[in-house]
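Each remark here refers to the structure printed beneath this line.
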Amino acid sequence: MEQRFKIFIAYHINEENIATLLCEYFQSMGIPKEFIYLCALPSNDGKINNIDEINAMLKCSCVNIPILSMKFLESAFCTNLTGAFVFDENALLLPVILPEINQNMIYGFMRNIYRVFKLDVSADVAYIYDAVQGSLDIIPPSLTVATNAMNAFINKYTVTVNRITTKSAPTLISSNPAFEQLDVSTDDEMIVLYYILSNQVLEVTKKAIEEWLVEKEIYDVDTENAFKLLATIGYARYHEGALRIDIVTFRRWSKMTEELLPVLSSCVKNHKILSSDIFEDMWYNDELNQTLKLFTAYLIDESVTALTNKSANDPQIQDIIDWENKNHLPHSVSANYKKCLQVFSSNNLIYESDWTIHGSPRKYNLNKSFMNHILSSDFPHRNELFELKTGSRN
């Protein structure tokens with residue numbers, strides 16, 4: 001039988017940033033990147049094109065690590081893959097749980113015989129590495145390197161999870177009597193209702209809501225769920241991507257706008273996280289390496305607000321090369337452009353704005369507050385980026 005050499009990390013697409021952190025931790029501990037397979041799986045939307053690749057990788061994985069989240073457990077694709085892990089007797093299974101998951105929630109799901117691990121517990125992280133290192137027969141780093149790498153990983157993971165928790169924490173329904181007349185119970189409904197009342201519209205489309213969510217940098221809102229729930233109130237109607245509130249219900253809501261908007265607004269704020277704040281967190285937590293900082297310098301110097309993502313002959317890469325040549329810089333940014341896109345996208349600094357027929361992103365736009373922040377004359381890191389450019393010249 002062919003030797004198994006891959007570390008298979010499976011995760012829901014929403015947890016890509018956490019999977020990337022785990023991959024980077026393994027690399028910092030001496031495990032070559034080519035030994036790690038990151039497998040992102042979508043929700044139940046049918047948009048998956050890597051089944052053959054997954055099957056091939058399953059046959060050569062020696063350790064399988066599913067990152068279990070609520071989104072993971074709700075996805076048929078993700079749970080089916082974990083089923084394949086359970087019945088694979090030739091590979092270790094090391095399930096990782098995020099803070100929203102506990103042992104009882106996966107009772108029966110994984111035979112109840114597998115130990116689960118938390119990525120903010122040093123003993124668990126050490127156990128995972130030891131298992132991986134033993135399976136690959138990789139020479140471990142020194143104790144100092146290992147300790148520093150683990151501490152850095154746990155710190156970055158904690159910051160990442162705290163961001164997710166902050167933006168997705170459920171909002172308590174106000175004790176205001178007006179809310180008893182609304183008959184809403186989820187944040188999804190409240191955020192869409194905020195849009196309806198603040199814009200005073202009877203009808204709204206999913207597209208309009210989703211574009212507004214992107215513009216305002218509001219996350220973890222299930223528009224489909226909101227529309228379906230709001231459509232049960234009064235004589236509302238949800239059809240062909242549009243929600244129409246009946247006039248009687250709308251008039252009733254409108255009379256309560258002054259009382260409702262402040263509480264609805266607080267719900268919106270619970271789901272809002274500015275990309276400018278994320279960028280500053282990354283900067284001060286040393287999550288931006290020299291290449292990522294030079295990538296930021298490129299965005300500023302060339303006033304870039306949109307980025308292409310073509311599989312071959314990407315004009316954006318040539319534009320970066322021209323900028324590097326103009327500034328007498330090595331081609332580190334152009335050579336790592338796809339990685340820069342991945343890091344910025346996973347941290348919500350940029351967002352997908354156009355797709356191929358297969359559902360892959362072919363264009364990204366800078367999130368609004370991040371764009372305004374770095375292109376502002378008051379951007380606080382201009383001098384540092386200038387010094388970095390001059391110090392990096394050939």
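For the single chain, residues carry numbers from 1 onward in sequence order.
For the pair L92 and C62, the minimum side-chain heavy-atom distance is 4.5 Å or more. Counting heavy atoms from C-beta on, the side chains of I233 and I245 never come closer than 4.5 Å. Counting only heavy atoms from C-beta outward, the side chains of N325 and H331 approach each other to under 4.5 Å. Considering only heavy atoms from C-beta on, L197 comes within 4.5 Å of L260 through its side chain. Within the 4.5 Å cutoff, the side chain of Y25 has heavy atoms near those of the V125 side chain. A 4.5 Å side-chain heavy-atom check between V343 and T20 finds every atom pair outside the cut-off. C39 is listed as a side-chain neighbour of I54, based on a closest heavy-atom distance under 4.5 Å. You'll find the side chain of Y11 stays beyond 4.5 Å of the side chain of V96, heavy atoms only.
Closest approach of Y337 to Q316, counting heavy atoms only: OH-CG, 3.2 Å. Between D188 and D222 the shortest heavy-atom distance is OD1-N, 3.1 Å. In plain terms, the two heavy atoms of I31 and F35 that are nearest each other are CG2-CB, 4.1 Å. The nearest pair of heavy atoms linking S275 to L349 is O-CD2, 3.3 Å. Heavy atoms only, all atoms of each residue included: I191 and L213 are closest at CG2-CD2, 4.1 Å. Residues N348 and Y219 share a closest heavy-atom pair of CB-OH, 3.3 Å.
Considering only residues two or more places apart in sequence or on other chains, T205 meets the side-chain hydrogen bond (donor to acceptor under 3.5 Å, both in side chains) condition with none of them. Remark: F85 engages F8 in a ring pair (Phe, Tyr, Trp, His ring centres under 6.0 Å) (not counting sequence neighbours). Listed by chain and residue number, E324 satisfy the side-chain hydrogen bond (donor to acceptor under 3.5 Å, both in side chains) test with S334 (two or more places apart in sequence, or in another chain). By the side-chain hydrogen bond (donor to acceptor under 3.5 Å, both in side chains) test, S61 is found to be paired with N64, residues two or more places apart in sequence or in another chain being considered. The side-chain hydrogen bond (donor to acceptor under 3.5 Å, both in side chains) test applied to R382 returns no partner, not counting sequence neighbours.
In this model, no donor atom of one side chain and acceptor atom of the other lie less than 3.5 Å apart for S345 and E352. The closest side-chain donor-acceptor pair between N365 and S353 falls under 3.5 angstrom.
Around CG of N80, the count of heavy atoms belonging to other residues, nucleotides or ligands within 6.0 Å exceeds 12. In the displayed structure, E258 atom CD is contacted under 6.0 Å by at most 12 heavy atoms of other residues, nucleotides or ligands. Within a 6.0 Å radius of CG in N199, other residues, nucleotides and ligands contribute more than 12 heavy atoms.
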Take H381 and F386 through the test ring-ring contact (aromatic ring centres under 6.0 Å, His included) and record every step on the way to the result. CA-CA 9 Å; H381 309 297; F386 177 78; over 10 Å; no
Any chance you could lay out the side chain to side chain contact (heavy atoms under 4.5 Å, CB included) test for F72 and I101, step after step, and finish with the verdict? CA-CA 10 Å; F72 191 108; I101 302 296; over 6 Å; no
Between I65 and L93, is a side chain to side chain contact (heavy atoms under 4.5 Å, CB included) present by the stated rule, with each step listed? CA-CA 6 Å; I65 304 176; L93 177 57; over 6 Å; no
Side chain to side chain contact (heavy atoms under 4.5 Å, CB included) between L307 and L366, worked out: CA-CA 8 Å; L307 298 157; L366 273 62; 4.2 Å; yes
Going through the checks in order, is the ring-ring contact (aromatic ring centres under 6.0 Å, His included) test met by F117 and Y127? CA-CA 9 Å; F117 302 90; Y127 186 99; 5.1 Å; yes
Would W253 and T249 count as a side chain to side chain contact (heavy atoms under 4.5 Å, CB included) if you check the C-alpha gap in whole Å, the side-chain angles of each, and the deciding distance to 0.1 Å? CA-CA 6 Å; W253 286 353; T249 300; 3.5 Å; yes
Check the pair T186, E189 against side-chain hydrogen bond (donor to acceptor under 3.5 Å, both in side chains), reporting the backbone distance first and the verdict last. CA-CA 5 Å; T186 69; E189 295 169 274; 2.9 Å; yes
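Panel note: side chain D124, backbone K118; a donor-acceptor pair is recorded below 3.5 Å. The backbone N or O of M70 lies less than 3.5 Å from a partner atom in the side chain of E100, making a donor-acceptor pair. The backbone N or O of E287 sits nowhere less than 3.5 Å from a side-chain atom of N285 that would complete a donor-acceptor pair. The main-chain N or O of N90 is found under 3.5 Å from a side-chain atom of D88 such that the two form a donor-acceptor pair. With E15 contributing its side chain and I67 its backbone, the two residues share no donor-acceptor pair below 3.5 Å. T296 places a side-chain N or O within donor-acceptor distance of the main-chain N or O of L292, the cut-off being under 3.5 Å. With hydrogens and angles disregarded, no donor-acceptor distance shorter than 3.5 Å links the side chain of K269 to the backbone of L264. In terms of modelled atom types and a separation under 3.5 Å, the side chain of D319 and the main chain of P315 share no donor-acceptor contact. Between the Q133 side chain and the I138 main chain, a donor and an acceptor come within less than 3.5 Å of each other.
Note on residues 340-350: no pairs pass salt bridge (Lys or Arg N to Asp or Glu O under 4.0 Å), not counting sequence neighbours. Listed by first then second residue, pairs satisfying salt bridge (Lys or Arg N to Asp or Glu O under 4.0 Å) with a partner in residues 142-159 number zero, not counting sequence neighbours. Within the structure, the side-chain hydrogen bond (donor to acceptor under 3.5 Å, both in side chains) test picks out the following pairs touching residues 232-245 (sequence neighbours left out): E203-R244, E224-Y238. For residues 294-318, every residue pair satisfying the salt bridge (Lys or Arg N to Asp or Glu O under 4.0 Å) rule, not counting sequence neighbours, is listed here: D301-K389, E302-K326, D314-K338. Every pair passing salt bridge (Lys or Arg N to Asp or Glu O under 4.0 Å) that includes a residue from residues 362-371 is listed here, sequence neighbours excluded: E215-K368, D354-R362.
Checked against the 6.0 Å centroid threshold, F344 and F370 count as a close aromatic pair.
The aromatic rings of F279 and H373 sit perpendicular, their planes meeting at an angle over 60°, well past the 30° parallel limit. In this structure, F295 and Y298 have parallel ring planes: the angle between them is below the 30° cut-off, well short of the 60° mark.
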Distance-only donor-acceptor hits, side chain of residues 145-153, under 3.5 Å, sequence neighbours excluded:
unit_1: T147; atom_1: OG1; unit_2: L143; atom_2: O; d: 2.8
unit_1: N148; atom_1: ND2; unit_2: T144; atom_2: O; d: 3.3
unit_1: N151; atom_1: ND2; unit_2: T147; atom_2: O; d: 3.3

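Here the CG-CG distance, from L98 to L73, works out to 9.5 Å after rounding to the nearest 0.5 Å. Here I7 contributes atom CD1 and M57 contributes atom CE; the two are 12.5 Å apart, rounded to the nearest 0.5 Å.
Applying the 4.5 Å side-chain rule to ILVMFWY residues, one finds V214 in the same cluster as Y351.
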